[in-house]
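Here's the structure we're looking at; comments come further down.
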There are 2 protein chains.
Amino acid sequence: MIVEAALRVVDREGVDGTTMRRVADELNTGAASLYWHVRNREELLHLMLDTVAGEIRLPKPDPKNWQAQVKQLGREMRRTLLRHKDIAKATMGRIPLGPNALRVSEWALGLLRAAGIPDRTAALVIDLFSLYVGAHAMEQADGEIPMPDGAGGSMEAVIDMYRGYFRSLPPDAFPNTVALADLLVEGGPDERFEFGLDVLVAGLAATAKAARPKR
Amino acid sequence: MIVEAALRVVDREGVDGTTMRRVADELNTGAASLYWHVRNREELLHLMLDTVAGEIRLPKPDPKNWQAQVKQLGREMRRTLLRHKDIAKATMGRIPLGPNALRVSEWALGLLRAAGIPDRTAALVIDLFSLYVGAHAMEQADGEIPMPDGAGGSMEAVIDMYRGYFRSLPPDAFPNTVALADLLVEGGPDERFEFGLDVLVAGLAATAKAARPKR
DNA sequence: ACCGCGATAGAACAGTGTTCGTCTAGCGAA
DNA sequence: TTCGCTAGACGAACACTGTTCTATCGCGGT
């Protein structure tokens, strides 16, 4: 109940805007009342994260297509996180251990093991993977990129500003940055995410093969 | 001057503990005085990040050994970040564009291009790489893992708690998690970081080769 | 001696998480 | 019905936060 209310606030105001007082308002009650049901804001965030983890849909594992399925899981996780504004910010530095989060890692662990990935590699890659998806979703989610000068505008305006900035650099000191100015700013979040997914899965395949020298 | 003071505070109190008032105290002055030199806390954080980026040492590029050099850069970045407590937390969601940060990406860009990585891939991988290093350093840095129940203790105690938790799960619902309980918690931050580095570089090599089908 | 200006700083404002003590609504037992 | 009892709500307060406004320094140039 209170977790659902908190999630409604997150969807509207973002993680930083999800204050105890606002969650209490959502329930037409006082902030102090929340502390009867929840130890502190930290616990509330954990509960919210696990609830969100429960929204992740998992297909039936198909070890023969494990690479495609790993990517599919990544996309599903990202979609689920972004559905709740910048809740990915709350995942950073937190290790979710609720039943719903565990269900996801259990699924991934099963898939990787069935695919022949060594146990040790599978255990390590679980962390790496969620680290990537969480960090990416967070970067994309807070639509306003905090700029040093308070000039933060829309996404496109910021990108144009960056491009101009890169191009204006002294070409003798930053030849590559100037030359690749367009490439550095082009490419939406979707494309960047897919690129990371490709690199991760390809790297995992190579690493796993190297770690299992029985051919 | 004020940036150095702020960095001293970070090293002592962490990012969240780096409040305007404490930085001012470090300089034996008042919090309001800082706003004469700095637009706001956001700008101060940017300046701190770029100063830290200036501490990153870059070797002479050696394209023939680009894979080793990319890993070396990762380790150097991580070391530099961890030297300043949890300052990595400040990198998340921020895009550093100061001269010192630019110097690093310029170096990496040059190395990757000279190594034959396609421009587009190089541009994308810059982001991916700093995302990984930043996220990893942040996770490792805040020594206290925020636990739902306020039972956060030392790193080792938490790990033991996790192991016990994983083992205590119902084996029919979480067979893989239970089976890999030891592997999931074992492995220090160094090993985990190296694993990520391996995966990333191997994945990059594979992806770059695929994107450049001229053999 | 005076002006101007770069710099400092106190007080205040709105907002945060959290705690304390008090209050109320409901319910089972006598 | 009346008496407890307790789960839950809640106002007030505390110690903080970033930021702004305003007044006030110190000091070099005229």
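Chain A is the first sequence line, chain B the second, and so forth, proteins listed ahead of strands; every chain is numbered from 1.
Taken residue by residue, residues 6-14 of chain A places no heavy atom nearer than 4.0 Å to DNA chain D.
A:E194 pairs by the side-chain hydrogen bond (donor to acceptor under 3.5 Å, both in side chains) definition with A:R75, not counting sequence neighbours. A search for side-chain contact (heavy atoms from CB on, under 4.5 Å) contacts involving A:D25 returns nothing, not counting sequence neighbours. Take A:D127 and apply the side-chain contact (heavy atoms from CB on, under 4.5 Å) test, not counting sequence neighbours, and it matches B:R192. Looking at residues two or more places apart in sequence or on another chain, you find a side-chain contact (heavy atoms from CB on, under 4.5 Å) between B:D190 and B:R78.
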Using atom types as modelled, flag every donor-acceptor pair under 3.5 Å from a side chain in residues 66-74 of chain A to any protein atom, sequence neighbours excluded.
residue : atom : partner : partner atom : Å
A:Q69   : OE1  : A:D62   : N            : 2.6
A:Q69   : NE2  : A:K60   : O            : 3.0
A:K71   : NZ   : A:D198  : OD1          : 2.8

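We find that CZ of A:R21 is positioned 12 Å from C1' of D:dC16, with the value rounded to whole Å. Summarising the geometry, the separation between CG on A:L34 and P on D:dG8 is reported as 13 Å, rounded to the nearest angstrom. Atom CH2 in B:W36 sits roughly 14 Å away from atom C1' in D:dC21 (whole-Å rounding). The nearest whole Å value for the distance from the CE atom in B:M20 to the C1' atom in D:dT19 is 8 Å. Distance A:R22 CZ to C:dG17 C1': 14 Å, rounded to the nearest Å. Protein atom CG of B:D25 is 12 Å distant from nucleotide atom P of D:dC16, rounded to whole Å. Computed from coordinates, the A:L27 CG to D:dC10 P distance equals 10 Å when rounded to whole Å. Rounded to whole Å, atom P of C:dT8 lies 9 Å from atom CD1 of B:I2.
OP1 or OP2 of D:dT17 sits under 4.0 Å from a side-chain N or O of B:T19. Distances shorter than 4.0 Å separate none of the side-chain N or O atoms of A:H37 from OP1 or OP2 on D:dA7.
For residues 173-196 of chain A, the ring-ring contact (aromatic ring centres under 6.0 Å, His included) pairs, not counting sequence neighbours, are A:Y132-A:F193, A:H136-A:F193. Screening residues 175-185 of chain B for salt bridge (charged side-chain N to carboxylate O under 4.0 Å, His left out) gives B:R163-B:D182, B:R167-B:D182 as the qualifying pairs, with residues at least two apart or on separate chains.
Note on B:R8 versus B:D11: no salt bridge recorded, every NZ/NE/NH1/NH2 to OD/OE distance being 4.0 Å or above.
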Point to revise | Sequence-aligned protein contact record of nucleotides 19-25 of chain C, with B where the base is within under 4.0 Å of a protein heavy atom and S where only the sugar-phosphate is | key: BB-----
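Distance check, rounded to the nearest 0.5 Å: CG of B:L204 to CG of B:L112 gives 6.5 Å.
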